[in-house]
Amino acid sequence: MPDPRARRGIRHPWTALLTAAAAAVLSGAASITAIGEWVADAPQRVLSRIGFRPDPLTGLLRVPHPTTLRLVLAAADGDALDRAVGLFLAERQKPGPGRRVIAVDGKTLRGSRTAKRPAVALIAAMPHTGQVLAQRQIDDKSNETPAFAPLLDGIDLTGAVITADALHSQHDHASYLRERGAHHLAVVKGNHPALYERVRGPAVR
C-alpha cells in the first residue's frame, strides 16, 4: 500500500493505521467515529500487534487522534487497498477440485447514499468459495462495463471459468478473457438481439 503522506511529522506507521481501521470495522465499527473509539479503547497489547510504536518517553503506545484516522482513510488509494487485500486472500486460498470458477458481480454499498451524492457502487471478483479476490469502486458517472478488465488484471485467470451477468456479455470482454487464458460463461439476453437469435438456433424455436 503506497503511503501518500509527507515524510516530515509522521508519528504513526501507515500500515498500523490501516490495520487499526480494518480491525475496527471487523469488530463492528460502521463509521469514522466508531473506528476512532475502537482504536482509543484497544488494549496496549492489541495496539502493539497492530504495529503502533511506543512513546520514547513514557513507553506507552500512542493512539492516533480520530482526525488522523479520518485523514488517512480519505488519502488511502481504495483500488490499491482492494488489490492488496485480494492478493492476500488469493495466496491463502486452497485450490479446490475441478476447474476454478470466478464470479464477477456488482453491488451497491448499503448506507452509502447521501443527500449530495449517489450510493457507492462496487464491482468484485470472487471464487464460489466466497473470498473476494479483487474489488473496485465504479465511477459515479459510469457503470460496471469499463471496470471489468481492470478488476481482473491482477488475478491469474489461466484455465478459470469467469461468470458474470448479461451486462458483461461483450465482445471486448470475451476477447480479453481469451487473451488471459480464461473461459467465459456468457449470459445472453434480449439486449443482444442478433446474438440471442443465433444462440437460440432453429432447433429450439
Side-chain angles (χ1 to χ4, degrees), residues 1-2 15 18-19 21-23 25-28 30 73 76-113 118-205:
M1 275 295 299
T15 53
L18 293 177
T19 303
V25 171
L26 289 172
S27 299
L73 294 176
D77 184 332
D79 289 336
L81 179 59
D82 284 333
R83 285 194 298 270
V85 173
L87 288 172
F88 174 84
L89 294 174
E91 290 173 355
R92 285 153 181 78
Q93 181 186 359
K94 295 181 179 179
R99 193 182 295 275
R100 188 165 57 123
V101 181
I102 298 174
V104 174
D105 194 20
K107 297 293 181 184
T108 299
L109 192 60
R110 185 174 59 183
S112 61
R113 187 187 305 275
V120 174
L122 303 173
I123 183 171
M126 64 194 75
H128 287 195
T129 49
Q131 305 97 326
V132 176
L133 300 179
Q135 180 175 266
R136 292 179 66 90
Q137 183 172 339
I138 300 170
D139 189 273
D140 291 342
K141 298 180 180 180
S142 184
N143 57 39
E144 297 176 23
T145 305
F148 183 85
L151 173 75
L152 298 173
D153 279 343
I155 304 174
D156 180 11
L157 302 181
T158 306
V161 175
I162 309 302
T163 65
D165 59 28
L167 177 67
H168 297 290
S169 296
Q170 307 277 346
H171 180 273
D172 289 346
H173 291 0
S175 298
Y176 168 81
L177 293 175
R178 182 178 181 183
E179 291 172 0
R180 296 288 312 279
H183 305 275
H184 184 203
L185 185 60
V187 178
V188 180
K189 294 184 177 179
N191 57 328
H192 293 288
L195 179 61
Y196 181 74
E197 287 301 316
R198 290 177 60 187
V199 170
R200 287 182 67 205
V204 295
R205 287 180 179 174

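Index from 1, following the sequence.
Separating the NE2 atom in His184 from the CD atom in Gln170 is a distance of 9.5 Å, to the nearest 0.5 Å. The structure places CG of Leu122 at 8.5 Å from OG1 of Thr108, a figure rounded to the nearest 0.5 Å. To the nearest 0.5 angstrom, Ile162 atom CD1 is 9.0 Å from Tyr176 atom OH. To the nearest 0.5 angstrom, His171 atom NE2 is 11.0 Å from Leu195 atom CG.
Side-chain atoms of Leu177 and Leu157, non-hydrogen and from C-beta on, do get closer than 4.5 Å to each other. In this structure, Ile123 and His168 have side chains that are in contact, with non-hydrogen atoms separated by less than 4.5 Å. You'll find the side chain of Leu185 reaches within 4.5 Å of the side chain of Val161, heavy atoms only.
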Walk me through whether His173 and Thr145 qualify under side chain to side chain contact (heavy atoms under 4.5 Å, CB included). CA-CA 9 Å; His173 291 0; Thr145 305; 3.7 Å; yes

When you look at Leu151 and Val104, which way does the side chain to side chain contact (heavy atoms under 4.5 Å, CB included) test go after all the steps? CA-CA 9 Å; Leu151 173 75; Val104 174; 3.9 Å; yes

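The two residues Gly106 and Glu144 make their nearest non-hydrogen contact at CA-OE2, 3.4 Å. Across all non-hydrogen atoms, the minimal contact from Arg180 to Leu152 is NH1-O, 3.0 Å. The shortest heavy-atom contact between Pro146 and Ser142 is CG-OG, 3.4 Å. The two residues Ser169 and Val188 have their closest heavy-atom pair at OG-N, 4.4 Å.
Judged by distance alone, with hydrogens and angles left aside, the side-chain atoms of Arg99 form a donor-acceptor pair with the main-chain N or O of Gly159 at under 3.5 Å.
Exactly one residue among Val101, Leu133, Ile155 makes a side chain to side chain contact (heavy atoms under 4.5 Å, CB included) with Pro127. That residue is Leu133.
Using modelled atom types and a 3.5 Å distance limit, the side chains of His183 and Arg178 yield no donor-acceptor pair.
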